[in-house]
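Read through the structure below, which is laid out as structure tokens, and then see the notes.
Worth knowing before you read on, the calculation uses all heavy atoms, side chains too, and leaves out hydrogens, waters and symmetry mates.
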Amino acid sequence: MSDVETVGRRARGGGGAARRAERTAVRIEAARFIERNIPNLEILNEEALQIIEANAETVLAEIGVNFVENPEALKRWKEAGADVDGERVRIPRGLARQLCSTAPSRIIQHARNPNRTVEIGGRSLVVAPVYGPPFVRDVKGGRRYATIEDFRNFVKLGYMSKWLHHSGGTVCEPTDVPVNKRHLDMLYAHMTLSDKPYMGSVTEPSRAEDSVEMSKILFGSDFVDQNTVMTSLININSPLTFDSIMMGALEVYAKANQACIVSPFIVGGAMAPVSVAGTLTQVLAEVLAGVAYSQLIRKGAPVIFGAFVTSIDMNSGAPTFGTPEASQITYGAGQLARRLGLPYRSAGSFCGSKLPDAQAAYETANSLNMGLLAGVNFMLHSCGWLEGGLVSSYEKFVMDADQLGVLHRLAAGVDMSENGQGMEAIREVGPGGHYLGCAHTQANFKEAFWRTELLDYKPFETWEEEGARDTIALAEARVAKLLADYQKPAIDPAIEQALTEYVAKKKASMPDAFM
């Protein structure tokens with residue numbers, strides 16, 4: 001698989017006209033998932049790691065976790081050797097870790113376009129867009145409730161974004177479609193408007209079942225039975241509570257051999273202790289219990305160690321993002337995940353800003369770079385996040401997607417080949433010269449430096465003549481261009497028709513519900 005695949009309409013012929021046509025042709029480029037050639041940042045020493053692991057075992061054994069409204073889960077835990085008292089499950093020391101040992105350390109998530117298939121685990125980093133906001137924002141429409149048209153637009157933007165490896169899941173919540181039916185439209189959009197990997201529905205177990213059935217139509221039943229084609233987000237009701245809706249979805253996916261992200265939802269000071277070590281202890285305890293439960297459903301079921309972590313403003317109670325404490329927790333959780341031998345999900349384009357402004361940029365840059373250095377393998381919310389996750393922003397989506405290219409370049413590490421050392425250039429130029437015209441520069445200039453597709457580096461006079469546009473204005477233009485250039489990826493007409501019929505039949509089988 002090449003690092004970047006290009007699909008598009010190319011002009012034929014020779015001469016200057018052909019070269020100009022080539023430069024202006026629509027190009028749909030997709031970068032391969034990131035493979036790190038740089039070390040992870042590890043902030044916890046061995047003693048600290050052992051203390052946190054021991055404390056997490058104490059939490060599971062002495063305090064326990066609640067599996068609410070789920071008698072079958074309680075039965076499974078009791079049969080596995082846990083102490084079950086009502087809905088409280090106390091897990092003997094070592095049992096959860098033993099059960100987790102059967103989960104795979106790497107997950108191959110297949111895309112319908114094999115060139116888009118990703119690996120989650122090891123040294124890889126897969127980036128996926130924002131997930132879950134009920135609102136959207138753009139320059140013209142401002143802040144408003146999301147619609148299914150917005151959803152489709154974000155799927156298209158994700159498909160057209162070169163550095164984004166994954167189509168994601170609920171890129172925004174389409175509030176104009178009934179709650180009990182919108183998952184069908186969302187899945188259909190991911191499956192037909194993009195050929196990148198996607199996420200399944202988790203808002204009700206029957207919707208997870210629909211996700212599996214639609215995936216079988218797309219990939220074939222036998223293929224889905226033997227391979228992972230979905231990654232789905234299972235949030236834990238921190239502190240220490242596993243609800244029946246999320247666990248019901250996990251049960252469906254684990255039985256079907258589809259990957260789940262077991263992810264504590266941590267707002268430090270509200271859903272976990274204010275201290276870094278205390279929060280890491282709770283995160284580890286919750287992940288151990290959730291991953292272990294997935295293995296009780298199906299030994300070897302693919303699962304990801306998740307950690308969604310923010311701090312809190314003790315004056316207003318609002319969540320805060322891009323903070324040093326959240327970074328420390330993210331780095332530490334990465335170390336704990338690697339010691340468990342599990343793929344790791346965390347970080348994203350997090351910010352608390354209401355607009356894609358300087359605050360959003362600072363906080364997002366901190367969060368994205370933190371994820372790269374923490375060893376994250378699956379980064380949900382990597383572009384489009386605004387206002388603490390309440391808003392999917394069109395402009396911020398393309399701003400963040402552009403910056404994901406920086407992560408690709410940083411992760412590649414330093415080229416120490418003969419060409420990378422540049423000794424020929426130093427010899428050729430010598431003292432007092434310049435490198436602009438030397439052979440080494442001429443041979444490497446096209447790929448030597450990362451190039452933005454959004455930011456403005458023109459001289460002041462040129463920038464002023466072109467309208468003195470700020471970054472939001474540039475992003476607005478970029479959104480319009482990507483949506484105008486969008487070309488739907490090819491799909492077998494028979495498969496698309498079967499998906500259409502499945503959605504129509506499921507919708508007709510139940511009345512609309514908006515609750």
Side-chain angles (χ1 to χ4, degrees), residues 30 109 111-112 116 118 126-138 141 143-177 179 181-203 207-208 210-211 214-215 230-233 235 261 263 308 345 347-351 356 360 364 367-368 378-404 475 478-479 482-483 486 488-489 503:
Q109 185 185 350
R112 71 176 178 92
R116 308 282 195 263
V118 296
V126 174
V127 292
V130 64
Y131 184 109
F135 300 101
V136 299
R137 175 183 282 280
D138 63 11
R143 186 183 191 268
R144 63 188 187 277
Y145 279 106
T147 66
I148 190 62
E149 187 60 27
D150 290 312
F151 187 95
R152 292 173 183 139
N153 282 339
F154 279 114
V155 172
K156 292 176 182 178
L157 288 175
Y159 172 67
M160 295 293 287
S161 296
K162 174 180 178 179
W163 304 113
L164 200 61
H165 314 124
H166 204 283
S167 195
T170 309
V171 288
C172 64
E173 192 74 43
T175 59
D176 58 336
V177 181
V179 171
K181 299 179 180 180
R182 64 181 59 157
H183 68 287
L184 298 164
D185 289 327
M186 291 190 286
L187 282 162
Y188 184 83
H190 281 302
M191 291 176 173
T192 59
L193 300 180
S194 177
D195 60 5
K196 294 181 180 182
Y198 58 88
M199 301 177 74
S201 176
V202 296
T203 53
R207 296 166 199 165
D210 285 335
S211 303
M214 290 179 70
S215 294
M230 277 184 290
T231 301
S232 301
L233 179 61
N235 278 325
I261 305 166
S263 192
F308 176 87
R345 170 258 163 157
S349 63
F350 298 145
C351 68
T364 294
S367 297
L368 290 176
F378 187 82
M379 189 190 293
L380 194 56
H381 309 302
S382 67
C383 58
W385 172 290
L386 204 62
E387 201 179 319
L390 289 175
V391 172
S392 292
S393 163
Y394 280 86
E395 288 78 25
K396 189 162 184 293
F397 192 103
V398 298
M399 290 163 65
D400 294 338
D402 187 61
Q403 288 298 296
L404 294 177
R478 176 83 177 149
V479 169
L482 289 175
L483 292 179
Y486 170 79
K488 182 179 175 181
V503 169

**Report entry** Exercise: identify the closest heavy-atom pair between Ser232 and Gly200
**Finding:** OG-N, 3.2 Å
Query raised in the report: Salt-bridged, Arg144 to Asp150, with N to O below 4.0 Å?
Result: yes
**Report entry** pair Met186-Ser201: side-chain heavy atoms closer than 4.5 Å
**Finding:** no
Query raised in the report: Hey, is the main chain of Tyr159 close enough, under 3.5 Å, to the side chain of Tyr486 for a donor-acceptor pair?
Result: no
Report task. Report the C-alpha separation of Ser382 and Trp163 in whole Å, then their side-chain angles, then the decisive distance to 0.1 Å, and conclude whether the side-chain contact (heavy atoms from CB on, under 4.5 Å) test is met. Result -> CA-CA 10 Å; Ser382 67; Trp163 304 113; over 6 Å; no
**Report entry** Whether Phe308 and Trp385 hold their rings parallel, tilted or perpendicular, with breakpoints at 30° and 60°
**Finding:** tilted
Query raised in the report: Quick check: does any side chain N or O of Asp400 sit under 3.5 Å from a backbone N or O of Gly384, one acting as donor and the other as acceptor?
Result: yes
**Report entry** Min side-chain heavy-atom separation Leu157-Tyr394 under 4.5 Å
**Finding:** yes
Report task. Anything under 30° is parallel, anything over 60° is perpendicular, the rest tilted; go ahead and classify Phe151 against His190. Result -> perpendicular
Query - By ring-ring contact (aromatic ring centres under 6.0 Å, His included) - contacts of Phe135 (at least two apart) - result: Tyr145
Query raised in the report: Got a second to check how far Cys172's SG is from Arg152's CZ, nearest 0.5 Å?
Result: 11.0 Å
Query raised in the report: Looking only at heavy atoms, which two atoms of Val503 and Met214 are closest? And how far apart?
Result: CG2-CE, 3.7 Å
Query raised in the report: Can you tell me how far OG of Ser393 sits from CZ of Phe154, rounded to the nearest 0.5 angstrom?
Result: 6.5 Å
Query raised in the report: Are Lys488 and Thr192 close enough that some pair of their side-chain heavy atoms sits under 4.5 Å apart?
Result: yes
Query raised in the report: Where the side chain of Ser392 meets the backbone of Val136, is there a donor-acceptor pair that is under 3.5 Å apart?
Result: no
**Report entry** Check: Glu149 side chain, Pro174 main-chain N or O, donor-acceptor pair, under 3.5 Å
**Finding:** no
Query raised in the report: Would you say Thr170 and Arg182 make side-chain contact, with heavy atoms under 4.5 Å?
Result: no
Query raised in the report: Has the side chain of Arg143 got a donor or acceptor atom that lies under 3.5 Å from a matching backbone atom of Val391?
Result: no
**Report entry** Heavy-atom check, side chain of Leu386 versus side chain of Glu395, under 4.5 Å
**Finding:** no
Requested in this report: Let me see the working for Ser215 and Met191 under side-chain contact (heavy atoms from CB on, under 4.5 Å), right down to the final yes or no.
Outcome: CA-CA 8 Å; Ser215 294; Met191 291 176 173; 3.8 Å; yes
Report summary line: Lys196 and Ser167 have their tightest heavy-atom pair at CB-N, 3.9 Å
Query raised in the report: Would you say the side-chain atoms of Arg116 pair up with the backbone N or O of His166, donor to acceptor, closer than 3.5 Å?
Result: no
Query raised in the report: Got a salt bridge between Glu387 and Arg137, using NZ or NE/NH1/NH2 to carboxylate O under 4.0 Å?
Result: no
Report summary line: Nearest heavy-atom approach of Val130 to Pro133 is CG2-CG, 3.7 Å
Report summary line: In short, Pro129 meets Leu380 closest at the heavy-atom pair O-CD1, 3.5 Å
Report task. For the pair His381 (side chain) and Ala347 (backbone), establish whether a donor and an acceptor sit closer than 3.5 Å, ignoring hydrogens and angles. Result -> no
Report task. Could you tell me whether the side chain of Ser263 and the main chain of Asn235 form a donor-acceptor pair under 3.5 Å? Result -> no
Query raised in the report: Heavy atoms, side chains only, cut-off 4.5 Å: are Gln403 and Thr364 in contact?
Result: no
Requested in this report: Please report the shortest heavy-atom distance between Cys351 and Lys396, naming the atom on each side.
Outcome: SG-CE, 3.7 Å
Report task. Keeping the roles fixed (side chain from Asp176, backbone from Ile148), state whether a donor-acceptor pair exists under 3.5 Å. Result -> yes
**Report entry** Spacing of SG belonging to Cys383 relative to CG belonging to Leu404, to within rounding of 0.5 Å
**Finding:** 6.0 Å
**Report entry** Flag side-chain contact, heavy atom, 4.5 Å: Arg345 against Thr231
**Finding:** no
Query raised in the report: Just wondering, do Val398 and Leu482 contact through their side chains at under 4.5 Å, heavy atoms?
Result: yes
Query raised in the report: Taking only residues two or more places apart in sequence or in another chain, which ones pass ring-ring contact (aromatic ring centres under 6.0 Å, His included) with His183?
Result: none
**Report entry** Test log, rule side-chain contact (heavy atoms from CB on, under 4.5 Å), inputs Arg207 and Val179
**Finding:** CA-CA 11 Å; Arg207 296 166 199 165; Val179 171; 4.0 Å; yes
